[in-house]
Amino acid sequence: MEVKGALGVALLFVISLITQVNCQEAVLHISNGSSYRDYCLVYNHSWTPLEDTLAKAPTYKLVNLTSTVLCDASGVQPGAVKGKALVVMRGECNFSQKAIVAQELGAKALLIASNTTLVTPSAEESEYPKVHIPLALMRYRDFLTAQREVGEGMEVKLYAPQYSKIDPNIVILLLIAIATVALGGLWSGACERERLKNYATGGGAEEHKADSSRVLYSPLSIIIFVIVMCGMLVLMYFFYNVLVYIIIVIFCFATASALFSCLDAVLDLIRCGTLSFSVRNKSFSVRSILLAAVCITVAVIWGVYRNEDGWIWVLQNLLGIAFCLNFMKTITLSNFKICVILLSLLLLYDVFFVFITPFFTKNGVSIMVQVALGPDASGEKTQGNMVEIPAEPQPPSEKIPVVMRVPRFSAWPQNLCGLQFSILGYGDIIVPGLLVAYCSRFDVWINSRKKVYFISCCFAYLLGLLLTFAVMLLSGMGQPALLYLVPFTLITSAMVAGCRGEMRHFWTGSTYEVRRAAYGQQSQNRSVPSLSHNNHHTSSGAAYLR
């Protein structure tokens, strides 16, 4: 999809990372012998060791002391709480003081119910050795729900399942990325083949005028584009709460148009006919009108329900795939030199904003992550590496929509506190995808039936993405994916061109003017000549004729 203006185009590549959200969460298992419920707990694993399975976790009778904050033992009968778990309200004194009082009363565990945000409990280093019972925070509304659904005689278990770094959602992200890049490349190549056929049949001039693609051929324009992107990202960091809504509106318009383009191409592929009618000498296509209505409806549904994490991620990914496909088809790079310049600059951009900017931000979070995850990125960190989770329903924080999102299926304890996602930025698909699309078009120019450039570049993209995931899992932190994707794809493409002796042609590409002139000479034969790497070349050195 072509987004009008530098602002809209720059938004495509604002996010180019893979990241996962993780915090210190556990499970509160409440039962009465016949029914049970699981709820979110937030704890400090360096302070409160918890068992990692439900079977190992000890069972405690739960005593409701939410009428007190337990800053002292007044009004509490020691015999009523001895050997049991207590639930008290948060506030008025620190966590360690509450825990010490509960400990002196003989309690075996302390739950602190919160009406505000849940923070990972922490204290001064000298306070930690004084507390010997499990301590965790829970939502007060969860306790009220448990009272209503479980009833009297509640028993609790506190446990923290081991956090799995490898999640099945990685496979889904991988399939989304490689399928989008491959389909986008094939679509770009098919469009190029159709353009060449039109040149050969004498319709090249008209086709060129009607063509909606935009060719990037100037290194200066690439440099200006990257500078605009950098400025846009910095503006997003400082004015996020305002610009995020502008991006959401642009996203709705852009994805609706992209989805229309993709569905229209599919209907053309299956040769689905269309009806038309005229109004005041203007012709209208019934198929186009119906498609436009469907696409606008889908975009509006996403816009209205964009904060419904339970299911809206599926619709966002569908729109995102259409967006990336249409962008790869619409924006074309004229030659490998432009590919090298663009991808290299975006690699530096990605690395700088992920790895370098944390040294300049107040909370130590990179600008890229802050923009990608929105206000939740920093978690309002304080001492003890606190992570805050809303305890009561809060107005949803808006997030940049230009990411593929897939929930973590194996992180169900964390999902109790809030659905956890792994994300893949559109930039990690579109940027290498532009090179894949160029390779696909080059296969058309040289009449490569085996699509050697396209397949090699797709395979390199797959390997780079696998390496990105591997480094992310080993390091436990988000990675700038272009750090791995760009070298893999560029080096592989260059090696293929070098081994085939086509590096000069691959580097300079083939401008539309040269190909149009070449095919104009061959139009009488009504055939599409191939571009090859022989010893005869045009005066510009841009296209070779077999």
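These figures come from a predicted structure and were not determined experimentally. Computation of the quantities below employed the complete heavy-atom set of this structure, encompassing side-chain atoms and omitting hydrogens, waters and symmetry-equivalent molecules.
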Can you name the closest pair of heavy atoms from Asn317 and Met404 and give their distance? OD1-CA, 3.3 Å
Taking all atoms of both residues into account, what is the closest heavy-atom pair of Ser440 and Gly189, and its distance? OG-CA, 3.4 Å
Is any side-chain heavy atom of Glu398 less than 4.5 Å from a side-chain heavy atom of Ile247? no
Can you confirm whether more than 12 heavy atoms, excluding those of Tyr217, are under 6.0 Å from its OH atom? no
Rounded to the nearest 0.5 Å, what separates atom CG in Leu325 from atom OG1 in Thr330? 10.5 Å
So, Ser493 side chain and Thr489 main chain: donor-acceptor pair closer than 3.5 Å or not? yes
Take atom CZ in Phe239; do more than 12 heavy atoms of anything else shown fall under 6.0 Å from it? no
Decide yes or no for Phe421 and Val403: does some side-chain heavy atom of the first lie under 4.5 Å from some side-chain heavy atom of the second? no
Let me confirm one number: the OG1-CG distance from Thr180 to Asp428, rounded to the nearest 0.5 Å. 12.0 Å
Is the shortest heavy-atom distance from the side chain of Val340 to the side chain of Leu490 under 4.5 Å? yes
Rounded to the nearest 0.5 Å, how far apart are CG of Leu291 and OG of Ser285? 8.0 Å
Between Ser188 (side chain) and Gly184 (backbone), is there a donor-acceptor pair under 3.5 Å? no
Where Leu465 and Leu485 come nearest, the two heavy atoms and their spacing: N-CD2, 3.3 Å
Which of parallel (below 30°), tilted (30 to 60°) and perpendicular (above 60°) describes Phe251 and Trp302? tilted
Exactly one candidate in Asp264, Leu263, Thr255 meets side chain to side chain contact (heavy atoms under 4.5 Å, CB included) with Cys295; the answer is Leu263
Using the rule given for side-chain contact (heavy atoms from CB on, under 4.5 Å), can you reason through Tyr453 versus Ser448, listing the C-alpha separation, both sets of side-chain angles and the distance that settles it, and then say yes or no? CA-CA 9 Å; Tyr453 285 91; Ser448 173; 5.6 Å; no
In terms of the angle between their ring planes, are Phe442 and Trp445 parallel, tilted or perpendicular, with boundaries placed at 30° and 60°? perpendicular
Which heavy atom of Phe454 sits nearest a heavy atom of Ala182, and at what distance? CZ-O, 3.4 Å
What is the distance from atom CD1 of Ile455 to atom OG1 of Thr492, rounded to the nearest 0.5 Å? 13.5 Å
Worked verdict on Glu192 versus Asp443 for side-chain contact (heavy atoms from CB on, under 4.5 Å): CA-CA 10 Å; Glu192 183 68 14; Asp443 281 328; over 6 Å; no
Drop me the distance from Arg405's CZ to Leu173's CG, to the nearest 0.5 angstrom. 11.5 Å
Using 0.5 Å steps for rounding, measure from the CD1 atom of Ile341 to the OG atom of Ser218. 8.5 Å
For Tyr484, which residues count as a side-chain hydrogen bond (donor to acceptor under 3.5 Å, both in side chains) partner, sequence neighbours excluded? Gln479
Less than 4.5 Å apart, any side-chain heavy atom of Leu216 and any of Phe225? no
Quick check: do Ser422 and Val406 have side-chain heavy atoms less than 4.5 Å from each other? no
Take Val226 and Leu346 through the side-chain contact (heavy atoms from CB on, under 4.5 Å) test and state the conclusion after the steps. CA-CA 7 Å; Val226 175; Leu346 291 176; 4.2 Å; yes
Do Phe353 and Cys230 have side chains that approach each other closer than 4.5 Å (heavy atoms only, starting at C-beta)? yes
Over all atoms of both residues, closest heavy-atom pair of Tyr438 and Leu333: CD1-O, 3.3 Å
At their closest point, which heavy atom of Asp350 faces which heavy atom of Ala481, and how far apart are they? OD2-N, 3.7 Å
Using a 4.5 Å cut-off on heavy atoms from C-beta on, say whether the side chain of Leu174 contacts that of Leu462. yes
Between Asn169 (side chain) and Ile172 (backbone), is there a donor-acceptor pair under 3.5 Å? no
What's the verdict on side-chain contact (heavy atoms from CB on, under 4.5 Å) for Ile400 and Met236, showing C-alpha distance, side-chain angles and the deciding distance? CA-CA 10 Å; Ile400 295 292; Met236 281 296 306; 3.2 Å; yes
Measure centre to centre between the rings of Phe327 and Tyr426, then say whether the value is under 6.0 Å. no
Note, Phe506 side chain near Cys439 side chain (heavy atom, < 4.5 Å): yes
